Amino acid sequence: MTISLILEMAASTGDRPAVTAGGRSLSAAELSRLAHAAAARFRGYPAVLYLGANHLAYPVALFGAALAGMPFVPLNYRLGDQQLAG
């Protein structure tokens, strides 16, 4: 089983919220649509880096990377410039 398969299975469950952050929610179907769009943008890059706090962009990037067959690399947003440059 792959992460992208989990998303596709969840997308068939209806319109109930699948992820919530900052008072906003996405259904699994909305998440799937956004992740497919993200995957199309990610193709051609070596990896997807995520630098940020809890946000709906995180699962979109995670599933988008999985759909594009790319590594997903979450980075700690508290790291300093020197640490991030490495």
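Note that the structure is predicted; figures quoted are calculated from it, not measured.
- L75 and F72 end up in different hydrophobic clusters when Ile, Leu, Val, Met, Phe, Trp and Tyr side chains are linked at under 4.5 Å.
- Under a cut-off of 6.0 angstrom, the local environment of CG in D15 is sparse, with at most 12 non-hydrogen atoms contributed by other residues, nucleotides or ligands.
- Of all the heavy atoms in S4 and A66, the pair that sits closest is N-CB, 4.2 Å.
- Remark: I3 CD1 is loosely packed, at most 12 non-hydrogen atoms of other residues, nucleotides or ligands lying under 6.0 Å away.
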>> Walk me through whether L56 and L34 qualify under side chain to side chain contact (heavy atoms under 4.5 Å, CB included).
In response: CA-CA 10 Å; L56 291 176; L34 292 170; over 6 Å; no
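- Counting only heavy atoms from C-beta outward, the side chains of V48 and V73 never approach each other to under 4.5 Å.
- L49 and L79 fall within a single hydrophobic cluster, where Ile, Leu, Val, Met, Phe, Trp and Tyr side chains are chained together by heavy-atom contacts under 4.5 Å.
- Atom CG of L7 sits about 12.0 Å away from atom CZ of R33, to the nearest 0.5 Å.
- Under the 4.5 Å side-chain heavy-atom criterion for Ile, Leu, Val, Met, Phe, Trp and Tyr, L84 and Y77 are members of the same hydrophobic cluster.
- For the side chain to side chain contact (heavy atoms under 4.5 Å, CB included) with V19, the lone residue among S27, P59, S25 that qualifies is P59.
- Smallest separation of non-hydrogen atoms from H55 and Y50: CB-OH, 3.6 Å.
- Contact detail for F42 and A61: the closest heavy-atom pair is CE1-O, 3.8 Å.
- Shown here for E8 and S32, the closest heavy-atom pair between the two residues is OE2-OG, 3.5 Å.
- For the residue pair A28 and A10, the shortest heavy atom distance occurs at CB-O, 3.2 Å.
- Heavy-atom minimum distance, L67 versus R43: O-NH2, 3.5 Å.
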